[in-house]
Amino acid sequence: MNDTFDLLHSHRSIRKFTEQAIPQETIEALVKAGQSAATSSFIQTTTVIQVNSEENRETLATFAGGQKYVQSASHFLVFYADMNRHKIACDMNEQEMQSGFTEQFLTASLDTALFAQNLVVAAESLGLGCVYIGGLRNNISGVSELLELPELVYPVFGVCLGYPDQDPEVKPRLPVKAVLKQDKYDASDEQDIISEYDVLLRHYYATRGANVKQQGWSEQISNMLNKEARPHMLDFLKSKGYLLK
Ligand SMILES: Cc1cc2nc3c(=O)[nH]c(=O)nc-3n(C[C@H](O)[C@H](O)[C@H](O)COP(=O)(O)O)c2cc1C
């Protein structure tokens, strides 16, 4: 359709990077692209920390479940939902900030995701590669302590960034007919669509260049969703002043 569509459709996560460093001006331009994303009520809740310390990178890789690329990528950014700045702004105006609302958690998390995705797309437009690292939430308290996060600040995910040293295939998504509904929610043909998609994904996994496996999408998802999902998150978020009401 045009270059933007081509770029978006060619996205694939990159997990192997060359040692070539990205100029700091480029990192700053990417952060600025992130900041240009829409932001709920202009609240601007995202802060990014560029982790340069090799020791901290190694610890974060361990916290993320031993994901080596957290350490080996030329750059690693941690994205925070940050309402500490808003507390300061309220204090400056002698207003008591009412925090802890679920709505604020949603807003801060959504803003952070939009910011990050803008940054990732901008990076990919420059030929850089990225992978999100939600694995940081495996030990979110450890991340929070290591990076000295105050109340009202929590790490949503990290992003590894660098020049790609691999060229993986694009992973096929669910068909548009599954994710675009007309007028009302209708799941009557969902099973057929999932079965069709299972065939496509099984073929993708069986024929891709690396990490070949015999699995469809529904199997993969079932194997993931039959387990608890980071049950420590609720207590952690409450300890940071989120999800209290
Ligand atoms: C919020 C988020 C967290 C993710 N966390 C990880 C992660 O910890 N490790 C990893 O290797 N990939 C991670 N990914 C990448 C996904 O596995 C990947 O986007 C998905 O499998 C689709 O593949 P693709 O990006 O190559 O199209 C994450 C993606 C998102 C959006």
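Below, all heavy atoms of this structure are taken into account, side chains as well, without hydrogens, waters or symmetry copies.
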Linking I/L/V/M/F/W/Y whenever any side-chain heavy atoms sit under 4.5 Å apart, do [X] and [Y] land together?
{"X": "M97", "Y": "M92", "result": "no"}
{"X": "L201", "Y": "L174", "result": "yes"}
{"X": "Y80", "Y": "L119", "result": "no"}
{"X": "L225", "Y": "W217", "result": "yes"}
{"X": "V51", "Y": "V48", "result": "no"}

Side-chain donor or acceptor of [X] paired with backbone N/O of [Y] under 3.5 Å:
{"X": "E58", "Y": "E54", "answer": "no"}
{"X": "K245", "Y": "G100", "answer": "no"}
{"X": "N93", "Y": "A89", "answer": "yes"}
{"X": "H232", "Y": "R137", "answer": "yes"}

From [X] atom [atom1] to [Y] atom [atom2], the distance as rounded to the nearest 0.5 Å:
{"X": "K68", "Y": "R57", "atom1": "NZ", "atom2": "CZ", "value": "12.5 Å"}
{"X": "S72", "Y": "R15", "atom1": "OG", "atom2": "CZ", "value": "12.0 Å"}
{"X": "D3", "Y": "M1", "atom1": "CG", "atom2": "CE", "value": "13.5 Å"}
{"X": "L200", "Y": "S195", "atom1": "CG", "atom2": "OG", "value": "12.5 Å"}
{"X": "L114", "Y": "Q35", "atom1": "CG", "atom2": "CD", "value": "13.5 Å"}
{"X": "I194", "Y": "D189", "atom1": "CD1", "atom2": "CG", "value": "10.0 Å"}

Sub-4.5 Å side-chain heavy-atom contact between [X] and [Y]:
{"X": "V31", "Y": "F115", "answer": "yes"}
{"X": "L30", "Y": "L126", "answer": "yes"}
{"X": "D167", "Y": "R12", "answer": "yes"}
{"X": "H9", "Y": "V170", "answer": "no"}
{"X": "L128", "Y": "H75", "answer": "no"}
{"X": "R85", "Y": "T47", "answer": "yes"}
{"X": "L60", "Y": "I133", "answer": "no"}
{"X": "F63", "Y": "I140", "answer": "no"}

Report task. Please test L243 against T102 for side chain to side chain contact (heavy atoms under 4.5 Å, CB included), starting from the C-alpha separation and ending with a verdict. Result -> CA-CA 5 Å; L243 288 180; T102 299; 3.7 Å; yes

Salt-bridge contact [X]-[Y] (side-chain N to carboxylate O under 4.0 Å):
{"X": "R202", "Y": "D198", "answer": "no"}
{"X": "E219", "Y": "K213", "answer": "no"}
{"X": "D165", "Y": "K16", "answer": "yes"}

Query raised in the report: Passes side chain to side chain contact (heavy atoms under 4.5 Å, CB included), R230 versus F236? Steps please.
Result: CA-CA 10 Å; R230 299 184 181 125; F236 172 80; over 6 Å; no

Which heavy-atom pair separates [X] from [Y] by the least distance, and what is that distance?
{"X": "A206", "Y": "V212", "value": "O-CG1, 3.5 Å"}
{"X": "P164", "Y": "G127", "value": "CD-O, 3.2 Å"}
{"X": "Y197", "Y": "P175", "value": "CD1-CD, 4.2 Å"}
{"X": "V70", "Y": "A64", "value": "CG2-CB, 4.4 Å"}
{"X": "S74", "Y": "F17", "value": "N-CB, 4.4 Å"}
{"X": "T112", "Y": "T46", "value": "CA-OG1, 3.2 Å"}

Can you establish whether the number of heavy atoms outside [X] located under 6.0 Å from its atom [atom1] is more than 12?
{"X": "N2", "atom1": "CG", "value": "yes"}
{"X": "Q98", "atom1": "CD", "value": "no"}
{"X": "Q24", "atom1": "CD", "value": "yes"}
{"X": "H203", "atom1": "NE2", "value": "no"}

Query - Aromatic ring pairing Y132/F157, orientation class (parallel under 30°, perpendicular over 60°, tilted between) - result: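 Geometry flag for F157 against Y132: perpendicular rings.
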
Query raised in the report: Could you go step by step and tell me if S144 and K240 meet the side-chain hydrogen bond (donor to acceptor under 3.5 Å, both in side chains) rule?
Result: CA-CA 10 Å; S144 182; K240 286 287 176 196; 3.0 Å; yes

Query raised in the report: Regarding D111 and T39, is there a side-chain donor-to-acceptor distance under 3.5 Å anywhere?
Result: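 Yes, because at least one side-chain N or O of D111 sits under 3.5 Å from a partner of the opposite role on T39.
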
Query raised in the report: Between the side chains of S109 and Y154, is a donor N or O closer than 3.5 angstrom to an acceptor N or O?
Result: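 On atom types as modelled, these side chains qualify, holding a pair under 3.5 Å.
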
Report task. Could you walk me through whether Y205 and K171 pass side chain to side chain contact (heavy atoms under 4.5 Å, CB included), step by step? Result -> CA-CA 9 Å; Y205 280 133; K171 208 188 248 187; 3.9 Å; yes

Requested in this report: Report the C-alpha separation of I43 and M83 in whole Å, then their side-chain angles, then the decisive distance to 0.1 Å, and conclude whether the side chain to side chain contact (heavy atoms under 4.5 Å, CB included) test is met.
Outcome: CA-CA 9 Å; I43 196 162; M83 292 193 74; 3.9 Å; yes

